[in-house]
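These notes concern the structure reproduced below.
Labels below follow one simple rule: chain letters A, B, ... track the order of the sequence lines, proteins then strands, and each chain is numbered from 1. Nothing here was measured: the structure is a model prediction, and the numbers come from that model.
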Amino acid sequence: MDFDFDSEQNDLREAVRGLLTRVYGDSESRRRVTTAEPGFDDKTWSRLAEMGILGLPFAEEDGGMGAGPVEVAVVAEEIGCVLAPEPFVEAVVLAGGLVAARGSAAQRSELLGALAEGSLLPAFAHAEPGTRWTASAAAVTATPDGDGWSLTGVKEPVPHGARADVLLVSAVVEGGTGLFLVRGDAAGLTRTGYRTHDGGRAASVRFAGTPAEALGEGGDATAAIERALAEARIAYGHEAIGAMDTALRTTAAYLKTRKQFGVPLSKFQALTFRAADMYVSLELARSVALWASMVADAGGDVVSAADRSRLQVSRASRHVGKEAIQLHGGIGVTAEYSIGHYTSRLTAIDHVLGDGDWALSRLAERVSDHETVDPLGAPYAG
Amino acid sequence: MDFDFDSEQNDLREAVRGLLTRVYGDSESRRRVTTAEPGFDDKTWSRLAEMGILGLPFAEEDGGMGAGPVEVAVVAEEIGCVLAPEPFVEAVVLAGGLVAARGSAAQRSELLGALAEGSLLPAFAHAEPGTRWTASAAAVTATPDGDGWSLTGVKEPVPHGARADVLLVSAVVEGGTGLFLVRGDAAGLTRTGYRTHDGGRAASVRFAGTPAEALGEGGDATAAIERALAEARIAYGHEAIGAMDTALRTTAAYLKTRKQFGVPLSKFQALTFRAADMYVSLELARSVALWASMVADAGGDVVSAADRSRLQVSRASRHVGKEAIQLHGGIGVTAEYSIGHYTSRLTAIDHVLGDGDWALSRLAERVSDHETVDPLGAPYAG
Amino acid sequence: MRLQLSPELEAFREEMRTFFTTQVPQHIRDSVAARRHVSKEHYVETQRVLHAAGLAVPHWPVEWGGRDWTPLQRHIWREEMQLACVPEPLAFNASMIGPVIAAFGDQEQKERFLPGTANLDIWWCQGFSEPDAGSDLASLRTAAVRDGDDWVVNGQKTWTTLGQHADWIFCLVRTDPTAEKKQRGISLLVFPMDSPGVTLRPIELIDGSFEVNEVFFEDVRVPAENLIGEENRGWDYAKFLLGNERVGIARVGSTKRLLAQAKEHAREITADGRPLSEDPRMAARIAEVENELLALELTALRVVANSADGKPHPASSVLKLRGSELQQAATELIVDIAGPLSLASSAGEGSDVPDWARVATPEYLNHRKVSIYGGSNEVQRTIIAGSILGL
Amino acid sequence: MRLQLSPELEAFREEMRTFFTTQVPQHIRDSVAARRHVSKEHYVETQRVLHAAGLAVPHWPVEWGGRDWTPLQRHIWREEMQLACVPEPLAFNASMIGPVIAAFGDQEQKERFLPGTANLDIWWCQGFSEPDAGSDLASLRTAAVRDGDDWVVNGQKTWTTLGQHADWIFCLVRTDPTAEKKQRGISLLVFPMDSPGVTLRPIELIDGSFEVNEVFFEDVRVPAENLIGEENRGWDYAKFLLGNERVGIARVGSTKRLLAQAKEHAREITADGRPLSEDPRMAARIAEVENELLALELTALRVVANSADGKPHPASSVLKLRGSELQQAATELIVDIAGPLSLASSAGEGSDVPDWARVATPEYLNHRKVSIYGGSNEVQRTIIAGSILGL
């Protein structure tokens with residue numbers, strides 16, 4: 001058992017931090033980038049590709065770096081620290097992860113290679129209006145059509161769905177939920193993009209007999225989707241940890257410099273104790289987030305570990321996000337200052353793939369299955 | 001709409017406060033009384049009878065004072081303020097209330113008259129080991145036996161069940177739950193009394209073919225029990241408000257006098273803010289407790305109002321009870337100082353007839369039945 | 001102790017309810033119900049409808065449009081207004097400068113300002129907060145120096161809500177920098193926002209809205225007759241003004257409406273094959289907020305029922321504190337009900353996400369302000385600990 | 001980063017588990033599992049069993065019984081001990097005075113005290129807190145004045161845990177009242193509890209138990225050789241001692257056991273015709289505490305895994321704070337599961353209420369202390385705000 005990052009992981013962190021701090025160290029530059037289309041910086045995306053980040057978790061034969069969940073965690077945390085708007089978790093971990101898990105050799109080679117090079121942006125079109133977080137599709141259906149398939153229905157919100165070059169789409173098939181590839185220029189595809197509150201992008205994606213290609217051998221992909229969602233939830237956990245870390249440091253710095261009633265705010269014990277409680281929430285969540293990535297690395301029950309991470313990170317995100325604003329006072333709710341953007345992003349992460357109460361419900365259903373939780377034993381140690 | 005006590009109610013409060021403060025103003029004297037049997041002070045019980053308190057809510061023709069829920073609330077709050085161990089809510093509101101609601105004229109006259117005079121202590125034997133708060137019986141059964149009935153089974157814990165002169169017992173009958181009277185000297189009755197953590201008394205009560213008399217006309221009394229429990233929950237709410245009020249005042253006084261690091265604790269903002277939050281909890285709970293008594297007075301939906309009071313008072317009781325100890329520090333957990341006894345009593349009240357989570361479950365089941373809650377309208381205004 | 005309203009008050013409540021739901025234009029109330037930002041025109045139109053019926057400034061002196069109502073009547077008026085999704089009369093006019101001018105202004109000022117203030121012919125904004133003051137309002141630095149018949153104002157205000165719509169500003173300025181206590185030496189000046197030397201910079205909030213502004217004063221000349229009340233007594237007027245109508249700040253009616261919407265939305269969302277409203281934990285969460293809100297409403301009623309003698313009820317300090325927490329809890333609840341749909345905050349035409357889910361997160365983020373503005377919750381705790389508990 | 005324990009550590013864990021569950025008498029472990037108070041005899045018997053196997057003081061220097069284990073081994077040792085319901089070696093001996101004497105005592109003191117301290121032949125108690133000191137430990141007033149070869153001690157200590165069983169006391173005394181800082185001028189003396197002039201008064205706690213005591217000193221003569229370390233450096237030793245084994249204070253294993261019991265009890269109680277464990281809200285409450293506990297355990301593991309270099313890990317401050325909160329949450333959960341049965345706290349023979357429900361509320365009330373004793377949670381927040389956040 002070892003909670004230390006190795007030197008290669010530390011080097012990776014330094015490299016990513018160096019790049020992202022240069023671009024987004026000043027929160028105004030992030031605001032500029034997220035205001036313009038496509039909501040992130042193409043040049044930074046290319047630099048991430050050059051550094052190997054966009055192929056990080058993929059097999060070398062698919063054009064990737066063959067790295068593991070811990071390296072993904074390192075990158076996601078650095079993304080979170082500066083709220084970099086580049087869709088690393090969305091494109092690489094989630095959409096890329098599904099291709100890696102279910103794609104044919106040809107699909108993997110084509111899509112993951114291009115993703116790793118930064119020349120192709122994939123998005124996972126899965127959520128459907130009116131339902132909540134689930135691993136299956138209900139409103140979009142797939143029907144065989146010649147050699148391929150044809151999709152009908154609406155997916156929304158699809159993160160980066162308007163800009164994506166290729167969509168991975170979950171759809172109802174006989175026997176469950178299948179996964180399909182839809183090219184951005186496919187006929188019968190209508191995409192309406194918009195900004196999300198955290199400066200990101202999402203879209204309504206309409207399929208009207210849209211031609212699609214089955215991912216890999218087809219068939220029910222519910223378990224693979226569940227697993228890919230779990231890996232994305234874990235990665236988002238690290239992005240949230242990075243964001244909370246910055247939010248707490250920003251808040252502590254503000255308390256030291258801002259004066260009220262003739263003294264710095266840090267002289268008010270009621271405020272400093274609340275900052276201490278934020279630290280407690282953050283560190284406890286960090287422990288579970290790190291552990292969940294280690295479970296993934298060890299081949300353990302990644303779905304359960306992701307739920308545990310999601311619950312702890314969600315609770316911490318709300319606590320830290322709210323308190324960071326409150327301890328700042330009025331400036332905290334302005335778009336001109338950084339802290340509110342952190343709360344906005346934490347709120348988005350919290351809701352995109354399942355919030356804390358949702359994760360808790362899943363954990364509660366299984367709480368009688370075990371007497372105690374052994375984080376180093378079954379089912380987590382693989 | 002009027003939230004003011006009238007002058008008679010204020011006089012009642014002063015009279016009860018005067019009596020109880022003389023006896024229990026010093027917390028050591030309460031400790032002495034609760035250590036000895038029967039756990040309360042017979043002389044004070046007699047004085048309460050002389051003042052009319054023990055017949056307060058009963059009809060004048062039954063030997064009572066004909067007062068309403070607000071007068072009961074006033075007395076219960078004063079009981080709570082000094083943690084007077086006399087079983088006012090248990091004997092008068094709950095056991096007496098059941099007799100008043102369901103007893104025959106003869107039973108009412110005999111039992112309520114003697115209760116009002118202080119010469120007879122009734123107790124409601126209702127809880128059964130292994131189940132939770134419910135209005136029906138499951139483990140004690142009643143079978144017809146000649147002119148009367150015969151009871152078999154165990155009731156526990158029964159507050160003041162060992163000392164009681166007469167027991168009101170809920171038992172399974174055909175078609176529901178019936179109510180029965182069992183005299184303290186009945187054959188086949190085994191009572192084992194013990195102290196409860198708050199200094200009160202309870203008992204295990206075993207019926208082995210114990211002769212019993214039906215209360216009133218017999219039949220299913222579930223609704224009457226539900227209503228009597230609701231009235232007792234509301235009264236306990238006021239007892240808890242009184243206890244919290246004293247706990248908060250004691251804590252505030254301690255913060256002002258206790259010095260640490262050379263200054264009074266009241267100089268530590270993190271502590272005074274927590275005292276402020278205790279005040280918020282207390283006043284919000286007080287509002288609902290008062291309202292619930294007004295609903296009872298107006299003939300509104302007393303069961304729902306009692307659940308609402310129970311939820312709010314339970315949350316406040318835990319908050320205030322825990323914080324009162326924590327803000328005191330070490331002395332707060334000693335039996336020699338008063339504050340821990342307040343927390344103990346608040347914990348007992350919280351669990352005797354249904355805790356906050358239990359009340360919330362009941363409210364949650366009905367939350368979709370209405371768009372909004374109008375405290376001055378249906379179903380509360382009667 | 002009596003639960004029921006008297007027949008007269010029942011009739012009063014019914015009268016208010018009928019008026020608000022039939023006389024205030026439906027499209028304006030729909031807009032409030034949908035939690036869209038209320039436009040200047042909607043504010044003005046509504047307040048004029050209300051004022052024409054004597055319902056805009058009932059708490060003012062009768063000669064200026066007041067109604068001599070009891071605190072309970074005013075409470076019912078406000079609750080019914082919120083429940084009916086009626087935009088309330090502009091606080092800066094109705095609750096702030098209006099009552100101050102009525103109480104401390106001279107006759108000429110009353111005649112000049114009060115009718116237009118009640119009818120929202122003049123849109124007022126508030127010049128109190130400053131960048132370096134925050135909760136420590138009294139440390140303000142904007143200065144007014146007497147020059148002949150004028151005051152010359154220099155300095156900066158911030159958090160000036162809806163200042164972009166304002167015709168006039170009421171402004172705390174330091175007129176005696178030598179005063180011993182910082183609370184002394186402050187005066188209250190009023191002047192048009194288009195006075196030379198006044199510039200306004202809107203501040204974008206985290207939900208993308210523009211509600212507050214910075215206002216800069218550079219040698220703004222204000223005629224001496226625009227001083228309200230006595231010179232150097234501005235702090236007293238500010239306290240009077242901020243203490244006004246503390247009950248309304250609980251915003252019970254408004255939060256009730258949010259909660260009713262939350263219930264409705266929970267029925268529209270499917271989770272695990274059934275309506276989210278039937279999930280026991282979601283139902284419990286809604287029921288708990290509902291009970292907290294009941295407790296707040298009853299506390300507000302206790303305060304209004306007992307404040308007829310003019311002394312503030314101690315529990316009134318609870319209202320702002322818990323009122324803001326419950327507004328925030330309700331907006332958070334709606335975001336959680338929206339779930340993944342809450343991402344679609346700027347969706348437009350062509351989106352299947354319902355409007356309520358689109359506005360959920362922006363509203364939630366925007367509502368972080370309610371525990372900061374108008375006396376932060378930390379200030380409220382300080383008041384409770386100090387004034388009530390004596391700590 | 002690696003989740004799995006090495007094969008050696010897996011074997012170590014198995015070895016500990018086997019020892020604790022087979023070599024420590026079952027009746028003692030049953031008593032702990034039932035959450036009854038552990039008697040003096042049970043403490044002594046257990047510690048001797050452990051010490052005979054080299055498992056009582058593994059963190060001491062090897063020559064005095066230590067094992068030279070890594071922090072992770074010590075963590076596993078402690079966790080398995082708690083999970084197996086083994087009463088831990090007496091903290092006053094094993095974690096407090098033992099390590100201090102080993103580090104700062106002279107050779108004669110080591111030989112005189114350490115063997116008996118490890119084997120619990122000497123039962124130590126702690127004389128640190130005083131009635132007027134509380135969290136401000138350094139303001140202690142008990143004084144020792146040199147008189148020939150003796151120190152003469154006068155004053156009073158309080159919160160002396162299990163002092164009623166103690167043979168010896170280690171005591172902070174003021175030896176230089178003229179020292180500039182109150183932290184200076186304090187020394188550490190040890191002396192028998194039956195020394196003339198020592199009297200002990202047990203303090204009843206709110207659960208009716210007797211755990212803590214007041215100890216009074218009236219002209220107690222203590223030979224000079226009973227001074228540990230250097231004169232006037234007692235504060236350093238106290239800090240050394242209180243900083244010792246901060247990880248153990250999280251009490252993860254013990255809370256895990258409570259939570260496992262809570263699950264079991266929830267299956268035994270019927271609510272609305274089904275086991276309480278199947279109530280979705282009760283299940284969620286248990287699952288939430290369980291996840292919080294997982295987070296705490298992982299944080300403890302991070303701390304031990306990273307503290308090999310001797311520097312305390314910043315997150316270690318979290319352990320006492322959240323550890324005490326979770327102990328309290330678990331005891332509260334059990335009271336709530338017991339429901340009305342929790343009233344029957346002093347039931348004896350003839351009661352149908354199960355033992356676990358009888359002890360539930362007394363344990364809950366008793367556990368209010370864990371956020372107060374041993375550095376209150378307010379002290380922990382002060383440390384986090386100050387040392388970690390620099391506030």
When heavy-atom pairs shorter than 4.5 Å are enumerated against chain B, which of E378(C), R267(C), E79(C) gives the highest number?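 Looking at each of E378(C), R267(C), E79(C) in turn, E378(C) comes out on top.
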Of the listed residues (L301(C), L5(C), L296(C), L72(C)), which shares the most heavy-atom pairs with chain B below a 4.5 Å separation?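 It is L301(C).
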Please look at [X] and chain B and tell me whether the side chain, the backbone, both or neither of the residue comes under 4.5 angstrom of a heavy atom of that chain.
X: Q4(C); result: both
X: T299(C); result: both
X: E264(C); result: neither
X: L259(C); result: neither
X: R281(C); result: neither
X: L9(C); result: neither
X: E278(C); result: neither

Heavy-atom closest pair, residues R310(B) and G354(B):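 In terms of heavy atoms, the two residues are closest at NH1-O, 2.7 Å.
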Hey, which of [options] has the most heavy atom pairs under 4.5 Å with chain C?
options: V367(B), L290(B), T251(B); result: V367(B)
options: L311(B), L255(B), L265(B), L360(B); result: L360(B)
options: M1(B), K256(B), K267(B); result: M1(B)
options: L363(B), V295(B), D6(B), L376(B); result: L376(B)
options: S293(B), A276(B), A364(B), S287(B); result: S287(B)

Could you go through the salt bridge (charged side-chain N to carboxylate O under 4.0 Å, His left out) check for R2(C) and D297(B) one step at a time? CA-CA 8 Å; R2(C) 200 185 64 248; D297(B) 192 42; over 6 Å; no
Check [Y] with [X], please: is the shortest side-chain N to carboxylate O separation under 4.0 Å?
X: E77(B); Y: R286(B); value: yes
X: K320(C); Y: E325(C); value: no
X: E371(B); Y: K263(C); value: no
X: R302(C); Y: D4(B); value: no
X: R36(C); Y: D30(C); value: no
X: D355(C); Y: R35(C); value: no
X: K256(C); Y: E290(C); value: no

Tell me, side chain or backbone of [X] under 4.5 Å from chain C's heavy atoms, or both, or neither?
X: S361(B); answer: neither
X: V70(B); answer: side chain
X: D357(B); answer: neither
X: E365(B); answer: neither
X: R315(B); answer: side chain
X: L282(B); answer: neither

By salt bridge (charged side-chain N to carboxylate O under 4.0 Å, His left out) - contacts of R362(B) (at least two apart):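 For R362(B), the residues satisfying salt bridge (charged side-chain N to carboxylate O under 4.0 Å, His left out) (neighbours in sequence not counted) are E226(B), D307(B).
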Under the ring-ring contact (aromatic ring centres under 6.0 Å, His included) test, which residues partner H351(B), sequence neighbours left out?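 ring-ring contact (aromatic ring centres under 6.0 Å, His included) list for H351(B), sorted by chain: empty.
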Within the 6.0 Å centroid threshold, strictly below: Y380(B) and W291(B):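 Yes, they do, as the ring centres are separated by less than 6.0 Å.
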